[in-house]
Protein chains: 2
Amino acid sequence: MKRPAQSRKEATHERIVDVASRAIRRSGYQGIGVADLMKEAGLTHGGFYAHFESRDALLAEVADRAGAESVATLERIAAGAPRGRGLEALLRAYLSKPHEKAVETGCPVAALGSEMPRQAPEVRRAATRRIKELIDLVGRQSPDWGEPGAHERALVTVATMLGALVLSRAVDDPRLSDSLREAALKSLSPARG
Amino acid sequence: MKRPAQSRKEATHERIVDVASRAIRRSGYQGIGVADLMKEAGLTHGGFYAHFESRDALLAEVADRAGAESVATLERIAAGAPRGRGLEALLRAYLSKPHEKAVETGCPVAALGSEMPRQAPEVRRAATRRIKELIDLVGRQSPDWGEPGAHERALVTVATMLGALVLSRAVDDPRLSDSLREAALKSLSPARG
DNA sequence: AACCGGATATGATGCTCGTCATATTTGTGA
DNA sequence: TCACAAATATGACGAGCATCATATCCGGTT
């Protein structure tokens with residue numbers, strides 16, 4: 001049997017990606033090195049290249065993994081809400097103070113968005129795919145999904161969510177952070193677009 | 001006279017900050033080193049600490065300078081528009097394709113926003129001040145500025161502008177980039193909020 | 001119980017980083 | 001024209017970086 005060997009290596013591989021997906025949201029794409037990443041995974045730096053072709057290859061996996069997890073979390077939140085209130089629940093979670101604080105487990109676009117244009121093509125490709133999934137998820141929460149204008153509205157909703165979260169984390173004035181999140185939440189909530 | 005000496009050093013100081021404010025928007029806060037920065041300014045790396053106490057001190061000056069210039073540019077654009085159409089002109093510029101492409105001379109919050117939470121307190125302080133000026137500038141373009149709700153609307157407008165620009169730069173699909181900018185522009189334009 | 005091969009560790013390479021002490025150049029007033 | 005002081009350059013420090021060649025370990029098969 002080859003399985004046990006493969007699954008052991010696979011498990012370590014997963015663990016590295018998992019640890020990295022948090023560490024990189026916390027410290028930025030360039031903010032943590034291979035050695036520290038491996039140490040956080042309980043390994044030493046040398047074995048890294050048995051798992052990844054390069055550092056960029058890891059970053060691409062991280063972008064994909066973090067994006068997928070973020071979309072899945074929001075999907076679960078929307079699906080768990082009463083009928084017709086999926087968007088409201090999603091927004092309430094995305095624009096919450098806990099999400100503002102939880103950079104390393106939260107939306108990777110908010111944590112890394114302005115670093116994306118500088119990343120390797122493989123990283124941007126993975127991130128773009130997940131961003132499209134997010135736009136789709138938001139769009140599907142509206143009853144008129146598919147009708148003209150609904151896609152545009154989803155784009156704007158995602159832009160506002162993201163912008164408010166990025167700003168609320170950027171500024172060093174907690175009062176302003178709260179105002180930004182709350183204003184965006186109120187403005188986007190389905191009472192009136 | 002001490003003036004000529006002082007003004008020579010001051011001029012070099014300014015040149016370093018100026019070069020850095022572009023280079024850092026292009027490469028990120030951690031994406032360029034002191035030596036390369038000095039080389040771009042036509043100097044060698046050693047003299048850096050005659051001008052700045054530390055690298056972070058430069059970053060704080062950069063955040064302040066870039067933010068001030070960006071606000072001033074938008075202010076000029078709004079002031080140059082026909083009466084009552086300042087916001088429209090401002091948005092059209094901010095959400096234009098040229099601005100999407102011009103990372104290193106454009107809005108520093110869009111270029112560096114998600115890196116802000118990790119910066120030194122002095123950097124965040126400078127950035128926050130400029131962000132507040134931007135919110136104020138946007139708010140002042142509305143006739144009901146000062147009335148209840150106007151400030152909240154300005155917050156949401158800035159969040160949407162920023163989010164749309166960050167996203168349009170992040171994704172590697174030019175079609176999606178265009179859609180994001182155009183959808184945000186349409187949604188924010190004063191025909192209907 | 002001994003061994004084999006996949007998984008991880010050790011250690012080293014050449015490079016770049018921020019910082020600083022010291023030398024050299026440069027512009028300016030006498 | 002000379003000399004002084006301010007401005008900039010040289011060169012070095014220790015640390016950290018990505019990457020890789022080699023050595024060691026350990027689980028599973030015979």
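Every heavy atom of this structure was used, including side-chain atoms; hydrogens, water molecules and symmetry mates were not. Here is how names work: the chains are called A, B, and so on, in the same order as the sequence lines, proteins then strands, and each is numbered from 1. These numbers come from a predicted model, not from an experiment.
- Among the protein residues, A/Gly33 comes within range of the sugar-phosphate backbone only, with heavy atoms under 4.0 Å from sugar or phosphate atoms but none that close to a base.
- Minimum interatomic distance between A/Ala110 and A/Val166 (heavy atoms only, all atoms of both residues): O-CG2, 3.8 Å.
- One can place CZ of B/Phe52 at 11 Å from P of D/dT8, the figure rounded to the nearest angstrom.
- B/Met38 has its CE atom 16 Å from the P atom of D/dG11, to the nearest Å.
- Residue B/Thr12 has a polar side-chain atom (N or O) positioned under 4.0 Å from OP1 or OP2 of D/dT8.
- Where A/Glu53 and A/Gly31 meet DNA chain D, the nucleotide closest to each residue was compared, and A/Gly31 sits on the side nearer the 5' end.
- The distance from atom NZ of B/Lys9 to atom P of D/dA5 is 16 Å, rounded to the nearest whole Å.
- Inspection of the B/Ser168 and B/Ser177 side chains reveals no N or O donor paired with an N or O acceptor under 3.5 Å.
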- Worked verdict on A/Thr160 versus B/Thr160 for side-chain hydrogen bond (donor to acceptor under 3.5 Å, both in side chains): CA-CA 4 Å; A/Thr160 307; B/Thr160 306; 2.7 Å; yes
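- Comparing A/Ala50 and A/His45 by the nucleotide of DNA chain C that holds the closest heavy atom to each, the one mapping nearer the 5' end is A/Ala50.
- Atom NZ of A/Lys39 and atom P of C/dA9 are 13 Å apart (whole Å).
- A donor-acceptor contact closer than 3.5 angstrom links the side chains of A/Asp172 and B/Thr128.
- To the nearest angstrom, C1' of C/dA12 lies 19 Å from CZ of A/Phe48.
- Contact annotation for B/Asp36: backbone-only contact, meaning every heavy-atom pair under 4.0 Å involves sugar-phosphate atoms and none involves a base.
- Atoms CZ (B/Arg55) and C1' (C/dT16) sit 12 Å apart, rounded to a whole Å.
- Side chain to side chain, B/Arg175 and B/Ser179 fail the donor-acceptor criterion of an N or O pair below 3.5 Å.
- Within the nucleic acid shown, B/His51 comes within 4.0 Å of sugar-phosphate atoms alone, with no base atom in reach, counting heavy atoms only.
- Side-chain proximity of B/Tyr49 to the nucleotides D/dT8, C/dG18, D/dT19 is greatest for C/dG18.
- One atom, CG of A/Leu58, and another, C1' of D/dC17, lie 15 Å apart when rounded to the nearest Å.
- Atom-to-atom, CD1 of B/Ile24 to C1' of C/dC17 comes out at 14 Å; the value is rounded to the nearest Å.
- Residue A/Thr44 places its side chain closer to C/dT10 than to any other of C/dT10, D/dA18, C/dG18.
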